[in-house]
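As the structure lists them, so they are numbered: ligands from 1, and atoms in each ligand from 1. Keep in mind that the numbers below use all heavy atoms, side chains included, and drop hydrogens, waters and symmetry copies.
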Amino acid sequence: MYNLELRSDTFTKPTPAMLDAMMNANVGDDVFEEDETTKSLERKCAAMFGYEDALLCLSGTMANQIAITAHAKAGEEVICDALSHIYLYEGGGIMANAHASVSLLQGNRGRLTASLIEDVIKPDNVHYPVSTLVSLENTVNKGGGSIYAIEEIKQIKQLCIKHNMRLHLDGARLFNALVETKESPLEHGALFDSITICLSKGLGAPMGTVLLGNSAFIHQARRIRKRFGGGWRQSGYIAAAGIYALDHHIDRLADDHRRAHELGTLFSELNIVTEILPIETNIVIIRLDPKFLANDIVDQWSRLGLKTSPFGKHQIRLVTHLDFSDNDLAKVRQVLTQFQP
Ligand SMILES: *Cc1c(COP(=O)(O)O)cnc(C)c1O
C-alpha cells in the first residue's frame, strides 16, 4: 500500500544532510542570547530581507501572533482577508492575544487591494476601533497558493504610510512566491514592517519560523515570545536545520510547483472534478461535483494510500513538497486508475 502524502507541506522529514547539520550545531542558551547557531540564522534572515534584526520562533502561528500583539493593542483593529491564516487558523489569537478587533475583507483568492483596504480604514472618531495594522499573506494558503503582485503591495504600503498603519506579512510560503516571480527578498523586505518566514513548510525543516523587523520591534517581540512561553534554550539544533534549508531547499521549490501542475492535469481528468483552481505554486485545490462530499472522497483515496485534505464541503487540497517525488507522482496516477467513486 502506498503512502502518498499530499495533505500538507508540513509532513516533510529532515534529510540525512540536514540531520547532520543539526547534530553538529554549536549551541548555547538562547534565552541568555548565547546560542550562536540561532543568532547566526537570525542574522542570515535579517540580512537576506534587509531588516535590522530577526527572532526564531517555534511556529508560524507563534511568530504571527507575536507580531500582531506587538503591532496592535486592545481597542485597535487588524485589517485582513477573510481567508487569512491569522484569522481562520490561529485559534482566535488576534482577539485572545492582542485583544484587537478584526476588519475582514473579501479579496481575490485571499489577496487584498489598496482600494479594498482604503474603504474600511476607520476615521478618527470615538465610535470606531483604531485601524492600526494591515496583514497580508503571500502565498495565500486558502487561496490555493495564490501570489501577490508586488505592484499591489507597493500601493498597500503607500496607503499604510498615509494612514499611519503598520503592514505585516504572513510569509509562511513567501519563498514559493519568490521562486515564481524571481523577485528578491530585499524588494519584499522593504515593503513590510514585519515578515514571518516559515522554515518547516516547503523548506523542509522540522520546525521554526523566523520573524523579521527593526531592532525595537524584535526587542519587543522577544519579550512577548517569552511571555507566550516561547523562550527556548538550545534552539541551535533547530536553527541549524533552518540554515541548511535556506542554503539548499529554496531553488528546488520550482520542482514542487511543476509537480503541482502535473497533479492538476491528472485530477482534472476525473469525472467527479468540476474545476481545479488556477495553480500558481505548490497548492492544488480541487472542486468536486456537488453530488460528492470532500470528506467521502478523501476517505476513499486514503484507503488507496493517497492522503489529501478536505478543504470545504466540496473542495479538496493537495500540497506538494520535498518528500513528494516524480516517482510518487507516477504512483498517484496508478491510484487514480483504481478509483471508482
Ligand atoms: C502553516 C501556516 C502558518 C503557520 O503555521 P504553524 O503550523 O503554526 O507553523 C501561518 N500562515 C500560513 C499561511 C500557513 O500556511
Side-chain angles (χ1 to χ4, degrees), residues 5-14 41 45 55-69 71 78 80-94 96-98 102 104 107 109-112 133-148 153 167-178 180 188 192 194-212 221 224-225 228-230 232 235 238-239 241-242 245 249 253 256-257 260 277 280-285 309 311-312 315 317-322:
E5 184 56 80
L6 290 167
R7 283 175 296 173
S8 172
D9 43 7
T10 51
F11 282 92
T12 55
K13 298 193 180 138
L41 168 66
C45 291
L55 184 71
L56 175 62
C57 301
L58 170 68
S59 69
T61 300
M62 180 181 273
N64 281 330
Q65 289 300 318
I66 289 171
I68 293 164
T69 305
H71 286 307
V78 180
C80 63
D81 191 279
L83 297 182
S84 59
H85 194 280
I86 60 159
Y87 171 70
L88 270 183
Y89 296 132
E90 300 190 0
I94 299 174
N97 299 315
V102 191
L104 285 183
R109 292 170 63 215
R111 291 162 301 189
L112 300 181
L133 177 67
V134 174
S135 184
L136 311 181
E137 187 174 314
N138 196 14
T139 66
V140 187
N141 171 31
K142 258 271 159 148
S146 51
I147 301 175
Y148 260 95
I153 303 175
L167 184 58
H168 172 72
L169 177 70
D170 176 351
R173 295 191 181 83
L174 179 56
F175 283 114
N176 292 88
L178 298 184
E180 286 302 311
H188 283 256
F192 295 95
S194 54
I195 297 185
T196 53
I197 295 293
C198 184
L199 302 167
S200 65
K201 295 257 165 85
L203 295 187
M207 64 179 86
T209 285
V210 178
L211 174 62
L212 301 160
I224 297 167
R225 187 187 66 173
F228 283 2
W232 45 3
S235 51
I238 299 306
H249 292 166
L253 291 171
D256 294 344
H257 300 174
L277 257 55
E280 299 185 39
T281 50
N282 68 329
I283 299 178
V284 183
I285 296 185
S309 303
F311 218 52
Q315 283 195 161
R317 185 187 77 165
L318 320 176
V319 190
T320 58
H321 51 73
L322 185 62

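At a 4.0 Å heavy-atom cut-off, ligand 1 touches Asn64 through the side chain alone.
In this view, Asn97 and Gln65, Thr69, Phe228 satisfy the side chain to side chain contact (heavy atoms under 4.5 Å, CB included) rule, not counting sequence neighbours. Partners of Leu58 by side chain to side chain contact (heavy atoms under 4.5 Å, CB included), not counting sequence neighbours, listed by chain and number: Met62, Met207, Trp232.
Close N/O approach between Thr209 and ligand 1 is not found [any backbone or side-chain N/O within under 3.5 Å]. The shortest N/O to N/O separation between Lys201 and ligand 1 falls below 3.5 Å.
Scanning the protein for heavy atoms near atom 8 (O) of ligand 1, the closest one is Thr61 OG1, 2.6 Å. Distance from atom 13 (C) of ligand 1 to its nearest protein heavy atom, with residue and atom name: Glu137 OE2, 3.1 Å. Nearest non-hydrogen protein atom to atom 9 (O) of ligand 1 is Gly60 N, 2.8 Å.
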Start with the C-alpha distance between Thr281 and Arg173, add both sets of side-chain angles, then the distance that settles side-chain contact (heavy atoms from CB on, under 4.5 Å), and finish with yes or no. CA-CA 9 Å; Thr281 50; Arg173 295 191 181 83; 5.9 Å; no
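Minimum heavy-atom separation, Ala239 to Leu56: CB-CD2, 3.9 Å.
Contact between Arg173 and ligand 1 is present, with at least one heavy atom of the residue lying under 4.0 Å from the ligand. The closest approach between a heavy atom of Asp170 and any atom of ligand 1 is below 4.0 Å.
In summary, of the residues considered (Leu178, Asp170, Leu169), a side-chain contact (heavy atoms from CB on, under 4.5 Å) with Asn138 occurs for Leu169 alone.
Heavy-atom proximity to Ser59, at under 4.0 Å, picks out these atoms of ligand 1: 8 (O), 9 (O). Residue-ligand proximity, Ala172 to ligand 1, at heavy-atom distances under 4.0 Å covers atoms 2 (C), 10 (C), 11 (N), 12 (C), 13 (C), 14 (C).
Salt-bridge formation is not detected for the pair Asp81/Lys142: no Lys NZ or Arg NE/NH1/NH2 atom is positioned less than 4.0 Å from an Asp or Glu carboxylate oxygen.
Looking at Asn176 and His257, their side chains do bring a donor and an acceptor atom within 3.5 Å of each other.
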